[in-house]
Amino acid sequence: MKLGTLVKPLLIAGLFLAGPVMAAPTAQQVLTASPIDDIVDRYPAMMSEGIREGLKRSPQLPPMVADTIGYVVTNSFRAADIEQQIVKNLESELSGKQLEAVQDWYDTPVARKISAAEIAASDPSAWKQIQARAAELNEKYKGTDRARAFERFDRASRATESAVDTTIAVQLGLATAMAAFSSDSANYDELKQSIENQRGKIRGIVEQQVYDSYLHTYEKISSQEMGLYIDFLESGPGTAFTKTVTRSIQQAITDPIESIGNQMARFLSPQK
């Protein structure tokens with residue numbers, strides 16, 4: 001799936017009153033040091049575009065209606081809200097030492113290089129390149145250490161897990177729109193259960209897409225650099241950071257879904 005720029009605040013590290021010891025970084029500082037805020041910035045557009053394009057492929061809906069739904073989605077997901085959710089959860093779930101360890105990683109040249117690659121790959125326009133080169137890169141890396149490292153990377157980064165949850169959220173948004181426009185509509189819980197029942201199938205598709213993206217995104221990252229990155233992701237602070245970020249994003253995306261369905265029902269339900 002396909003898979004606004006936030007104005008980053010000026011962040012100044014605080015000092016303890018006694019001595020030159022630096023205070024532990026804040027959750028906002030750590031998020032800004034990571035590529036997450038830049039990637040999250042693209043989420044509302046990706047959600048809107050994904051649902052809009054899916055609806056336009058349905059013969060039941062006129063393009064104008066699909067665009068209207070896209071507009072509703074765009075105004076229901078805000079990058080600032082998603083970022084606020086991440087910061088809130090990082091503050092409550094990570095210790096000062098963990099936040100410091102995460103910032104120390106993202107301050108390294110290797111992390112900055114990897115972050116730049118991840119930000120570039122998260123742009124919606126990059127997906128066409130990923131798709132176009134998928135077969136070539138799959139063949140190029142078949143049986144190599146880079147291919148074998150994917151399972152470890154995927155488990156540590158929670159990439160497929162997070163992408164599956166996001167895909168299901170998009171599918172649910174699409175389904176609620178279709179149900180709102182159809183006279184034979186299903187309620188939200190029925191739609192959710194129906195889509196959840198397809199999780200295994202969705203996972204198979206998404207995992208291949210994540211693998212294609214992995215090969216493209218880290219193509220210019222050396223094996224040594226990837227090893228350092230995966231080591232960080234598997235560390236205590238890295239694991240805590242990744243789990244909190246992915247869960248926060250999912251929470252911020254799925255919470256408005258039912259509200260979106262209700263809005264669509266009001267706008268789009270056929271007149272009786």
Side-chain angles (χ1 to χ4, degrees), residues 1-6 8 25 29-43 45-46 49-50 79 82-83 86 101-164 166-167 203-235 237-243 245-246 249:
M1 64 170 282
K2 293 184 179 180
L3 253 162
T5 301
L6 297 174
K8 296 184 180 180
Q29 285 175 301
V30 172
L31 191 64
T32 301
S34 80
I36 303 300
D37 61 337
D38 295 281
I39 294 172
V40 162
D41 191 36
R42 294 166 166 81
Y43 264 74
M46 287 190 290
E49 183 177 356
I82 299 174
E83 181 174 347
I86 296 172
V102 174
Q103 172 134 331
D104 285 347
W105 159 255
Y106 282 115
D107 282 343
T108 66
V110 170
R112 287 195 291 269
K113 179 180 177 181
I114 292 173
S115 294
E118 290 177 338
I119 292 169
S122 72
D123 192 289
S125 64
W127 182 240
K128 289 183 179 180
Q129 299 175 36
I130 294 171
Q131 289 178 308
R133 301 192 62 212
E136 169 201 342
L137 293 179
N138 272 257
E139 182 62 29
K140 176 180 177 180
Y141 289 105
K142 185 176 181 180
T144 65
D145 289 342
R146 180 58 54 93
R148 285 188 288 270
F150 173 70
E151 184 176 351
R152 183 183 167 204
F153 164 82
D154 192 38
R155 183 172 56 253
S157 66
R158 305 168 69 88
T160 295
E161 178 184 343
S162 177
V164 167
T166 301
T167 299
R203 181 179 179 84
I205 296 171
V206 169
E207 186 171 23
Q208 182 60 52
Q209 293 176 335
V210 170
Y211 181 63
D212 294 342
S213 180
Y214 160 83
L215 295 180
H216 173 88
T217 302
Y218 305 109
E219 185 176 15
K220 296 182 180 179
I221 306 299
S222 71
S223 296
Q224 181 182 15
E225 290 167 335
M226 280 302 296
L228 292 172
Y229 185 29
I230 297 174
D231 286 345
F232 161 71
L233 293 174
E234 291 178 336
S235 69
T239 297
F241 179 74
T242 301
K243 284 184 177 180
V245 167
T246 54
I249 291 174

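Every value quoted in this text rests on a predicted model; they were computed, and no experiment measured them. Residues: numbered from 1 along the sequence shown.
Residues V40 and E83 come closest through the heavy atom pair CG1-N, 4.3 Å. The two residues S157 and L233 make their nearest non-hydrogen contact at CB-CD1, 4.0 Å. For A147 against Y141, the heavy-atom pair with the smallest separation is CB-O, 3.2 Å. Between E234 and A156, the closest heavy-atom pair is CG-CB, 3.7 Å. For the pair I130 and A121, the tightest heavy-atom approach, listed with the atom from each and the gap, is CD1-O, 4.4 Å.
In this structure, T246 contributes its side chain and K243 its backbone to a donor-acceptor pair below 3.5 Å. Put simply, the side chain of S122 gets close to the backbone of I119: a donor and an acceptor are under 3.5 Å apart. Without hydrogens or angle criteria, T167 side chain to A163 main chain gives a donor-acceptor distance under 3.5 Å. No donor-acceptor distance shorter than 3.5 angstrom exists from the side chain of S162 to the backbone of R158, with no hydrogens or angles considered.
In this structure, V30 and F241 have side chains that are in contact, with non-hydrogen atoms separated by less than 4.5 Å. Between D212 and N138 there is a side-chain heavy-atom pair separated by less than 4.5 Å. You'll find the side chain of S34 reaches within 4.5 Å of the side chain of L31, heavy atoms only.
Every residue two or more places apart in sequence or in another chain that forms a salt bridge (Lys or Arg N to Asp or Glu O under 4.0 Å) with E136 is listed here: R133. Among residues two or more places apart in sequence or in another chain, the salt bridge (Lys or Arg N to Asp or Glu O under 4.0 Å) test is passed with R146 by none.
Put simply, OG1 on T160 and CD on Q208 are 10.0 Å apart, with the number rounded to the nearest 0.5 Å. In this structure, the separation between CG on L228 and CD1 on I221 is 11.0 Å, given to the nearest 0.5 Å. With rounding to the nearest 0.5 angstrom, the OG1 atom of T242 is 13.0 Å from the CZ atom of R155. Taking CD1 of I230 as the start and OG of S223 as the end, the distance is 9.5 Å to the nearest 0.5 Å. To the nearest 0.5 Å, atom CD of residue Q131 and atom CD of residue Q209 are 7.5 Å apart. Going from atom CG of L137 over to atom OG of S213 covers 10.5 Å, rounded to the nearest 0.5 Å.
Annotation: E219, atom CD; neighbour count of heavy atoms from other residues, nucleotides and ligands within 6.0 Å is above 12.
Contact check on D231 versus R152 returns a salt bridge, with a Lys/Arg side-chain nitrogen under 4.0 Å from an Asp/Glu carboxylate oxygen.
Each of I249, I36, D37 was scored for a side-chain contact (heavy atoms from CB on, under 4.5 Å) with I82, with one residue passing: I249.
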So Y106 and F232, ring pair (Phe, Tyr, Trp, His ring centres under 6.0 Å) or not? Walk me through it. CA-CA 10 Å; Y106 282 115; F232 161 71; 5.7 Å; yes
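Residues in residues 106-119 take part in these salt bridge (Lys or Arg N to Asp or Glu O under 4.0 Å) pairs, two or more places apart or across chains: K113-E225.
Ring orientation note: the planes of F153 and F150 are tilted relative to one another, at an angle of 30° to 60°.
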